[in-house]
There are 2 protein chains.
Amino acid sequence: MKASTTNKRVQEERFRKTLRAVGERATPARVALLTTLEQAGRPLSMQTILQQMKAFGTDQVTVYRSLHMLEQKGLIQRVDLRHGHTHFELAASDHHHLVCLTCGNVEDFTGCGVTSMVSRALKQSKHFVEVKQYAVELFGYCKRCYKNK
Amino acid sequence: MKASTTNKRVQEERFRKTLRAVGERATPARVALLTTLEQAGRPLSMQTILQQMKAFGTDQVTVYRSLHMLEQKGLIQRVDLRHGHTHFELAASDHHHLVCLTCGNVEDFTGCGVTSMVSRALKQSKHFVEVKQYAVELFGYCKRCYKNK
DNA sequence: ATGGTTGCAAACAATTTGCACCAAA
DNA sequence: TTTGGTGCAAATTGTTTGCAACCAT
């Protein structure tokens with residue numbers, strides 16, 4: 001048995017537990033959705049998700065409904081890469097994205113200093129008292145596209 | 001003549017110049033769009049924009065086409081406030097947003113230390129060499145909604 | 001057993017395209 | 001004058017809803 005297969009099974013079991021932990025049923029479609037996002041390791045477009053889940057035998061409608069629920073429960077996050085369509089990735093990934101404005105390539109980066117940013121923002125704010133999530137995306141050019149500008 | 005009227009005319013003239021400067025025609029619809037975003041002073045939803053522009057006598061299609069062009073030229077920016085629909089605001093506003101996850105209220109904040117964040121990200125990056133735009137949104141709770149949680 | 005979940009069909013909403021006419025430069 | 005912009009209608013794409021059958025617990 002290949003290592004990747006083992007890992008996948010372990011992941012799936014973990015996701016089943018996570019789902020039950022937030023009070024939701026661990027259905028095959030939901031587990032497959034989380035596994036797909038996990039294995040991708042990067043934000044997946046709606047298109048791609050629908051495609052992969054269709055291959056798995058899941059209806060579009062179920063995908064939409066599952067994504068809503070998972071986002072609501074905070075297990076996944078919507079990402080706006082300015083590619084023209086929504087992307088999703090597993091939540092709790094404390095990294096952010098560099099996005100190429102030309103080719104659309106995405107690279108992660110960490111250590112954006114978001115903690116100090118949050119405290120500064122809250123200190124400055126009149127009405128806000130807590131920050132739970134954040135979106136940080138940087139848009140620019142990768143080497144290749146920079147040259148061809 | 002009221003001061004606000006004067007300001008509006010001055011703004012319009014400025015926007016006409018800006019449009020020509022990026023090689024585009026200064027049509028009434030485009031100027032009205034930019035003026036609308038300017039006067040709002042906060043990100044406007046697609047809905048709101050379409051509504052206001054319809055009142056101005058502009059077709060939806062023209063609004064979509066203008067928004068695309070203005071975004072392409074870097075005069076406006078798409079903002080994802082996780083309200084379920086796209087928002088736009090004038091570009092070059094070097095502030096970011098605090099968004100309430102419950103009521104959707106938006107507040108600006110400045111001084112997020114984006115410059116040092118950008119240099120850290122670029123230093124860390126294998127492929128990226130330039131950052132031209134960024135999106136920084138913090139999601140949390142305002143006083144009122146925090147109490148009622 | 002049973003209440004939440006799914007698939008299908010159909011409604012609904014959002015966005016884009018083709019084309020004739022009009023206007024900014 | 002000429003090139004690009006606009007409005008209208010219709011196509012296309014994206015997302016949601018209603019309901020009967022199904023399955024995770």
Side-chain angles (χ1 to χ4, degrees), chain A residues 9 12-36 43-73 75-76 78-88, chain B residues 9 12-36 43-73 75-76 78-88:
Chain A
R9 289 208 187 147
E12 285 174 1
E13 194 45 51
R14 185 161 53 79
F15 285 137
R16 269 188 276 274
K17 279 179 186 153
T18 308
L19 283 165
R20 294 195 196 99
V22 299
E24 294 287 339
R25 294 191 179 179
T27 67
R30 290 164 177 188
V31 175
L33 200 38
L34 290 168
T35 306
T36 301
L44 291 185
S45 71
M46 200 69 217
Q47 278 181 28
T48 306
I49 295 171
L50 288 171
Q51 199 175 297
Q52 299 219 16
M53 291 303 291
K54 183 174 181 182
F56 183 76
T58 305
D59 192 86
Q60 285 204 353
V61 176
T62 300
V63 177
Y64 280 109
R65 288 195 271 228
S66 302
L67 288 171
H68 277 159
M69 183 276 282
L70 295 171
E71 190 187 10
Q72 199 60 40
K73 293 291 180 177
L75 302 183
I76 65 174
R78 193 178 291 269
V79 183
D80 181 7
L81 301 178
R82 302 192 186 168
H83 284 190
H85 32 253
T86 308
H87 290 241
F88 285 95
Chain B
R9 290 209 186 145
E12 286 176 0
E13 193 45 49
R14 186 161 51 80
F15 286 137
R16 268 188 278 274
K17 278 180 187 152
T18 308
L19 284 164
R20 293 194 197 102
V22 299
E24 293 289 337
R25 293 191 180 179
T27 67
R30 291 166 176 187
V31 174
L33 200 39
L34 290 169
T35 306
T36 301
L44 292 184
S45 70
M46 201 68 216
Q47 278 181 27
T48 306
I49 295 171
L50 287 171
Q51 199 174 297
Q52 299 219 17
M53 291 303 290
K54 184 175 180 180
F56 183 76
T58 304
D59 193 86
Q60 285 203 354
V61 177
T62 300
V63 176
Y64 280 109
R65 288 195 272 227
S66 300
L67 288 170
H68 276 159
M69 184 276 283
L70 294 170
E71 190 186 10
Q72 200 58 43
K73 293 292 180 176
L75 301 184
I76 65 175
R78 193 177 292 268
V79 184
D80 182 5
L81 302 177
R82 301 193 186 166
H83 285 190
H85 32 251
T86 307
H87 289 242
F88 284 95

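Reckoned from all heavy atoms, side chains included, excluding hydrogens, waters and symmetry mates.
Distances shorter than 4.0 Å separate some side-chain N or O of A:Y64 from OP1 or OP2 on D:dT15. Remark: B:T62 is not in phosphate contact with D:dG5, judged by side-chain N or O atoms under 4.0 Å from OP1 or OP2.
For the pair A:M46 CE and D:dG14 C1', the computed distance is 9 Å after rounding to whole Å. We find that CD of B:Q72 is positioned 16 Å from P of D:dG4, with the value rounded to whole Å. D:dT6 atom P lies 11 Å from atom CG of B:L67, rounded to whole Å. As a whole-Å value, the separation of A:H85 NE2 from D:dT13 C1' is 13 Å. Atom CZ in B:R16 sits about 16 Å away from atom P in D:dG5, given to the nearest Å. Atom P of nucleotide D:dG7 and atom NZ of B:K54 are separated by 13 Å, given to the nearest angstrom. Rounded to an integer number of Å, the gap from B:M69 CE to D:dT6 C1' is 13 Å. A:E24 has its CD atom 15 Å from the C1' atom of D:dC23, to the nearest Å.
Other residues, nucleotides and ligands place more than 12 heavy atoms under 6.0 Å from the CD atom of A:E13.
Mapping B:P28 and B:Q47 onto DNA chain C by nearest heavy atom places B:Q47 closer to the 5' end of the strand. Residues A:V61 and A:R30 each lie close to DNA chain C; by heavy-atom proximity, the contact nearer the 5' end of the strand is made by A:R30. Annotation: of the two residues near DNA chain D, B:R25 and B:T58, the 5′-most nearest-nucleotide partner is B:R25.
Expressed to the nearest 0.5 Å, how far CE of A:M46 lies from CZ of A:R78 amounts to 8.0 Å. In this structure, OG1 on B:T48 lies 7.0 Å from CD on B:Q52, to the nearest 0.5 angstrom. Rounded to the nearest 0.5 angstrom, A:T62 OG1 and A:K54 NZ are separated by 13.5 Å. Atom OG of A:S66 is separated from atom CG of A:L75 by 11.5 Å, given to the nearest 0.5 angstrom. B:R65 contributes atom CZ, which lies 13.5 Å from atom CG of B:L70 (distance to the nearest 0.5 angstrom).
Residue A:G84 is classed as having no contact, given no heavy-atom separation below 4.0 Å to the nucleic acid. As judged by a 4.0 angstrom heavy-atom cut-off over every strand, B:G23 is placed among residues making no nucleic acid contact. Within 4.0 Å of B:Q60, counting heavy atoms only, lies at least one base atom of the nucleic acid. Nucleic acid contact class of A:R65 (heavy atoms, under 4.0 Å, all strands): base.
Taking every heavy atom of both residues into account, A:L19 and A:M69 meet most closely at CD2-CE, 4.2 Å. Minimum heavy-atom separation, B:T36 to B:M53: OG1-SD, 4.3 Å.
From one end of the helix from C:dA1-D:dT25 to C:dA25-D:dT1 to the other, with five pairs defining each end axis, the axis direction shifts by 60° (rounded to 10°).
In this pair, A:H83 and A:H87 present their aromatic rings perpendicular. The plane angle is above 60°, beyond the 30 to 60° band.
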Checklist line | Steps toward side-chain contact (heavy atoms from CB on, under 4.5 Å) verdict (B:L67, B:L33) | finding: CA-CA 8 Å; B:L67 288 170; B:L33 200 39; 4.0 Å; yes
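The nucleotide range of DNA chain C contacted by chain A, defined by atoms under 4.0 angstrom from heavy atoms of the protein and reported 5' to 3', is C:dG3 to C:dA9.
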